[in-house]
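So the structure is just underneath, and the comments pick up after that.
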Amino acid sequence: MSAPPVDYYAALEVDSKATQQQVRDAYKKQALRHHPDRVPTDSPERPARTKKFQQINDAYYTLSDASRRRDYDQARNQFHGFGGGFGSANDASAGTEPGAGAQPGAGFGGMPGGFPWSAFGFGGAAKTEEDANHKSNEQFGSVFEEMMRDQGMAEDDNQPTKVFWSIVGAASGGAMGFIVANLPGAVAGAVAGNRVGAVRDKRGKSVYSVYQELGAGERMRLLSELASKVFAHAIS
């Protein structure tokens, strides 16, 4: 079950002539900016963010592969409605519904006959929203780990660093220090002991696997910190 139609170049905010590296860099920024975990689980923004995140992942899945991108471009160029720049104004981030404003008989984005959206993105491979979200998160994982390595939050083997634990919480950082440095007394008490056990269980796991097991508040904090570093680097 794919995300509602949106021009994939518009979703990533790149030109249709963007290089593969530009597409990848754009995906990192857009995925971080719109990730559902940037807001609380009960936030009214979350459904829209989830939909947008899926669209961004559909776009990257298609445009990051030369063969899929070529097929998409050929189909895209056969239909009217996609201009230059970032393409269609039918971006879900603007709050429009799929096909809104289209002329009678026109497909999505005003394209006669309807654009073959199901042939691209995760397409028929994702049969349900849950499956589509799983595929989006799975794809995001490798890029997430790359960004974490770049920012010193993950080792070369993708295991979390002390910087990672210091960001997700003092208790987590103290527990990691206890385990890595073997400093008795760094963490004390039954509550801390339970925390140490929880962190010890995460040793040997990739930083993204650990991220997925964190609480909602810790995920929000980590993504916000990562975004601030990535966007600051882009500006400098």
Side-chain angles (χ1 to χ4, degrees), residues 2-36 38 48-103 106-123 125-126 132 135-147 150-151 223 226-236:
S2 60
V6 62
D7 182 353
Y8 289 155
Y9 291 104
L12 297 182
E13 296 188 8
V14 294
D15 188 83
S16 59
K17 294 181 175 60
T19 65
Q20 292 300 95
Q21 186 59 52
Q22 288 172 327
V23 167
R24 186 172 180 81
D25 290 344
Y27 170 69
K28 292 178 184 178
K29 294 172 187 175
Q30 294 303 318
L32 270 179
R33 180 175 287 124
H34 297 285
H35 199 292
R38 293 287 302 278
R49 277 181 170 271
T50 299
K51 181 186 296 183
K52 180 65 175 176
F53 185 64
Q54 186 181 327
Q55 291 173 338
I56 290 166
N57 277 279
D58 272 358
Y60 183 63
Y61 174 81
T62 298
L63 301 182
S64 63
D65 179 87
S67 178
R68 288 192 292 263
R69 182 176 181 177
R70 181 174 59 252
D71 291 344
Y72 172 76
D73 285 344
Q74 288 176 348
R76 180 177 182 269
N77 291 336
Q78 291 175 2
F79 291 85
H80 299 290
F82 286 127
F86 295 154
S88 171
N90 223 11
D91 189 340
S93 64
T96 57
E97 293 297 322
Q103 296 298 317
F108 288 116
M111 294 174 286
F115 189 82
W117 292 104
S118 61
F120 303 102
F122 294 125
K135 290 180 181 299
S136 292
N137 287 324
E138 190 175 62
Q139 178 173 259
F140 176 69
S142 64
V143 174
F144 174 86
E145 290 178 344
E146 179 182 318
M147 291 188 287
D150 290 344
Q151 301 304 326
L223 284 183
L226 179 59
S228 69
K229 291 178 180 294
V230 169
F231 291 120
H233 178 73
I235 294 173
S236 61

Report summary line: Between H34 and F53 the two heavy atoms that sit nearest each other are O-CB, 4.2 Å

Query raised in the report: Taking side chain as C-beta onward, heavy atoms only, is E13 less than 4.5 Å from I56?
Result: no

Query - Shortest non-hydrogen separation from L223 to R38 and the atoms involved - result: CB-CD, 3.5 Å

Query - Modelled atom types, side-chain donor and acceptor of Q54 and D58, under 3.5 Å - result: no

Query raised in the report: Got R76 and Y8 here, is their nearest side-chain heavy-atom distance under 4.5 Å?
Result: no

Requested in this report: Can you measure from CZ (R70) to CG (D65) and round to the nearest 0.5 angstrom?
Outcome: 8.5 Å

Report summary line: Here the gap from Y72 atom OH to Y9 atom OH, rounded to the nearest 0.5 Å, amounts to 7.0 Å

Report summary line: Applying side-chain contact (heavy atoms from CB on, under 4.5 Å) to E146 and not counting sequence neighbours gives R24, K28, R149, D150

Query - Set of residues satisfying salt bridge (charged side-chain N to carboxylate O under 4.0 Å, His left out) with respect to R49, sequence neighbours excluded - result: E45

Requested in this report: With the side chain counted from C-beta on, respond yes when F120 and R68 share a heavy-atom pair under 4.5 Å apart, and no when they do not.
Outcome: no

Report summary line: Tightest non-hydrogen contact, residues H35 and N137, listed as NE2-OD1, 4.3 Å

**Report entry** Distance (rounded to the nearest 0.5 Å) between Q55 CD and Q30 CD
**Finding:** 11.5 Å

Report task. Compare every heavy atom of A227 with every heavy atom of L32, then report the nearest pair and how far apart it is. Result -> CD1-CA, 4.0 Å

Query - Geometric class of the Y27/Y60 ring pair [parallel <30°, tilted 30-60°, perpendicular >60°] - result: parallel

Query raised in the report: What residues form a side-chain contact (heavy atoms from CB on, under 4.5 Å) with A18, not counting sequence neighbours?
Result: V14, Q22, V23, R69

Query raised in the report: How long is the gap from OG1 on T62 to CG on D73, to the nearest 0.5 Å?
Result: 10.0 Å

Query raised in the report: What's the shortest heavy-atom distance between F140 and N57, and which atoms?
Result: N-OD1, 4.0 Å

